[in-house]
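Report on the following structure.
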Amino acid sequence: MARRRSRSRAGSKADQEFVSEAEEILERVRLDLADLRDQQARGTEVAPDLVNRLFRSAHSLKGLAGLFGFQPIHDLAHHLEDVLDALRLGKLVLHASAVDLVDRSVQLFSALLEAVGDDAALAAAAEPVPELIRGIEGVKQPPEAPSEAFAGLDVNPSLMRALTEYEEHRLRENLRRGRHILLADATFEIISFEDGLSELSAALREVGEVISTLPAPGESSDAQIRFSLLVGSDLPGDEVASRLDFPDTSIRSIRSGTEAPAPEPGSGPPVAEEPPPLADLRDLESLKSISETVRVDIRKLDELMNLVGELVIQRGMLSELIARLSGDAQTVRIGNELSKLHKVLDRKLRELQAAVLDVRMVPLRQVFEKISRVVRRLRHELDRDARLELRGADTELDKLIVEELVDPLMHIVRNALDHAIEPPDERRAAGKEPQGSIRIEAFQRGNHVVISVSDDGRGIDLEALRERARSQGLVPPDEVPSDRETLDLIFAPGLTTRSEVTETSGRGVGLDVVRHNLTLLGGAVDVESTPGRGTTFLLTLPITLAIVQSLVVAVGAQRFAIPLTAVHETLLVEPTDIQRSEGRELLNLRGEALLLRRLAREFGLPEADPDGRRFAVVMGLGDARVGLLVDRLDGQQDTVIKPIQGPIAAVRGVAGATELGGQEPVLVLDVSAFLAEALGRREAA
Amino acid sequence: MSESGAPVLGGGERWQELAREAARRRDVAAESVDLVQLLTFELAGAPYALPVERVREIVRIRPITPVPRMPAHVCGVVSLRGEIVQVLDLRRCLGLPPATPTRASRIVVVHGSEGGVAGLLVDGVTEVFSAAEDTLRPASGEGGVEALCARAETFVSLIGLDRVLGFDGQ
């Protein structure tokens with residue numbers, strides 16, 4: 001399977017690793033920066049977490065560049081880190097020029113990363129670094145005058161001394177805004193304090209900002225631990241206390257809020273929009289351990305997946321054996337014992353399968369970020385003004401699906417921007433806002449993730465679509481397809497609704513390809529449209545995707561898939577090659593007798609020509625081998641094996657079904673069942 | 001639109017809408033009389049029905065992959081937006097003569113009693129109507145028909161879904 005790795009042309013493996021890791025950090029910075037600009041543009045308070053995250057990213061980048069010895073990147077990151085640190089500590093006012101500097105740094109980082117692996121190019125790309133660093137030095141302002149001590153706070157002074165510089169800054173900021181400052185004292189059992197503390201923190205974040213979480217001084221018993229949480233809230237202490245009902249927790253005001261908060265331009269909701277992803281306690285430590293993640297090559301995960309798959313097949317063999325042991329009076333006891341063990345093994349194996357699948361899951365955030373960058377660029381190129389709204393970036397999908405999703409999603413978004421969103425004056429004439437809107441929303445629904453892409457553009461002209469489909473022969477002239485059916489025609493191969501070709505949307509490659517590609521992933525795409533109001537595409541994708549390479553074979557008109565892990569080789573078999581012994585068919589395979597089974601007979605299917613040449617698929621697990629005779633080989637495919645749902649219990653020999661791009665499912669053979677049957681019969685014979 | 005063309009996803013949407021509407025009406029009506037919403041369809045020219053609450057969706061006929069070694073009343077499996085679901089030939093389940101699906105044929109996707117789903121192949125979907133529960137007459141016998149319900153001049157046979165889904169072809 002050819003998979004796209006890093007985009008960079010970087011040479012050595014170390015360089016590659018550096019670039020891919022640095023790009024990941026940079027992606028995060030871009031995203032946070034976009035959020036920050038948004039919040040500034042809306043005039044809301046910039047979420048403190050956002051600046052923190054930016055700071056951490058710069059810090060990571062600095063460390064990474066230092067580790068790999070990329071001095072210019074290290075230097076730039078170092079200065080950027082300084083500025084961001086000053087910003088998060090409130091030493092520097094967050095104004096447009098500071099944000100611009102961060103922006104310019106990000107662009108420069110991109111250029112530098114592009115050049116990694118080519119020393120001359122890198123030196124050239126690094127030229128603007130000193131100038132930018134001077135710029136960064138320029139915006140650093142004298143630190144704000146040491147503010148009034150926190151007099152009037154009714155709190156243990158030792159607690160105040162424990163506050164970090166950042167926490168002091170947040171406390172000052174909350175005081176300045178005239179918020180109530182609350183102190184929550186909570187006692188937890190040591191064994192479970194993490195859960196209790198994160199619950200309490202989450203609840204407190206609902207009503208305000210958790211400024212600091214500290215172990216409370218003194219008197220905790222051995223089995224218990226006390227924490228004090230300093231909270232800034234718009235609600236007074238008694239109200240918060242009555243809202244939250246936590247055992248062994250007291251909440252009191254240590255300073256009442258002032259009636260009129262200090263004026264703040266367009267002060268918006270005081271609570272940060274997204275709660276920090278980690279429990280507060282870990283958040284405090286997170287500057288020490290920047291990341292607890294390990295980067296793994298997806299191929300290694302595939303190997304793990306395959307190993308688990310093989311274990312599952314072996315388990316199948318085991319259950320066959322157990323059935324035989326249990327069916328014999330002499331061995332029934334040992335069979336029953338084994339069956340108990342088997343149940344445990346079965347459960348653990350399922351857990352293992354789920355855990356390995358879980359590792360492959362990644363959030364859609366990166367895809368969304370790519371799209372928003374492209375949209376930003378296209379807005380200029382196409383002169384279309386459209387707002388892009390992204391929701392559900394944390395929705396997780398299999399890494400491979402996420403990679404394959406970028407192109408179809410991009411295609412739909414480009415279409416929306418290029419064709420659906422009208423030019424501003426046309427929108428005004430239609431009574432719409434001059435700025436169009438494209439909204440991408442992802443959410444989980446059962447075992448699937450649904451991604452909807454909606455625009456508020458002109459919608460799909462059904463009449464024109466019908467005409468076009470007719471003129472292209474996609475619809476018989478005497479037939480009038482329903483609106484629903486007509487809309488579905490946009491996925492028909494070769495159909496375009498616009499005669500001109502643009503660079504952005506291209507031509508030829510259309511929504512039919514989008515649908516085809518999504519179907520290959522086991523997904524689907526649907527469309528809804530209201531003329532004049534807009535269009536919504538709904539992409540449905542399976543969350544879990546265990547991709548297995550399969551050999552596709554055919555008997556008569558029906559195709560079947562055989563997991564490649566169980567296929568040893570395939571042979572062309574002439575009728576004269578087949579020998580018979582005791583009613584069984586055999587093949588001389590390099591001196592060994594290979595038992596043959598005809599798939600057509602096993603499955604009661606019509607055989608094309610019983611005496612014609614055909615193919616033997618040599619399947620095996622462990623030492624067991626059997627040759628399966630089929631009419632045709634249809635090549636290898638990536639398949640997703642799905643369970644068959646329905647009231648009738650699974651049949652022997654069928655492990656599940658898969659989709660190969662066509663509409664009808666293709667059955668996946670259960671190799672272990674075939675082996676057990678064939679070999680079992682040999683023993684019986 | 002050809003039958004073999006691109007999948008008509010949500011082809012049963014109109015029916016779902018009808019069903020939802022009916023369900024809303026029922027919510028109001030249920031307070032006075034016990035009404036049951038029935039989806040009616042045809043099999044070999046006669047009307048049959050299922051409780052709407054057991055119907056997940058109705059889809060157009062689509063390519064069905066036969067599954068070997070399954071009982072004869074299982075037509076095979078279809079893909080519903082990536083879900084692989086067995087389709088039962090409701091005619092065979094009820095002992096009616098089998099027939100080749102036509103353009104009017106539909107697959108009624110129903111919820112099993114234990115959370116699973118299954119497709120039922122029917123000749124064509126007709127309507128949704130509500131019947132007072134006390135007008136249902138239990139059917140005699142062990143077959144797939146559980147009750148009869150008068151609808152205008154005819155009797156509609158109410159399918160005992162769990163009996164049908166439990167039918168193993170013997």
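In what follows, chains are A, B, ... by sequence order, proteins preceding strands, each numbered from 1.
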Subject >> Part of B:Val67 within contact of chain A (heavy atom distance under 4.5 Å) >> reply: both

Original post:
Where on B:Val77 is there a heavy atom nearer than 4.5 Å to chain A: the side chain, the backbone, both, or neither?
Top reply: both

Subject >> Heavy-atom closest pair, residues A:Ile648 and B:His73 >> reply: CD1-NE2, 3.8 Å

**OP:** Please round to the nearest 0.5 Å and tell me the distance separating atom CD of A:Gln645 and atom CD1 of B:Ile84.
**Re:** 9.0 Å

Original post:
Does the pair B:Arg62/A:Glu664 count as a salt bridge with the N-to-O cut at 4.0 Å?
Top reply: no

Original post:
Under the 3.5 angstrom rule, does the side chain of B:Thr65 hit a backbone N or O of A:Pro665 as a donor-acceptor pair?
Top reply: yes

Original post:
Is there a side-chain contact between A:Pro647 and B:Val164, using heavy atoms and a 4.5 Å cut-off?
Top reply: no

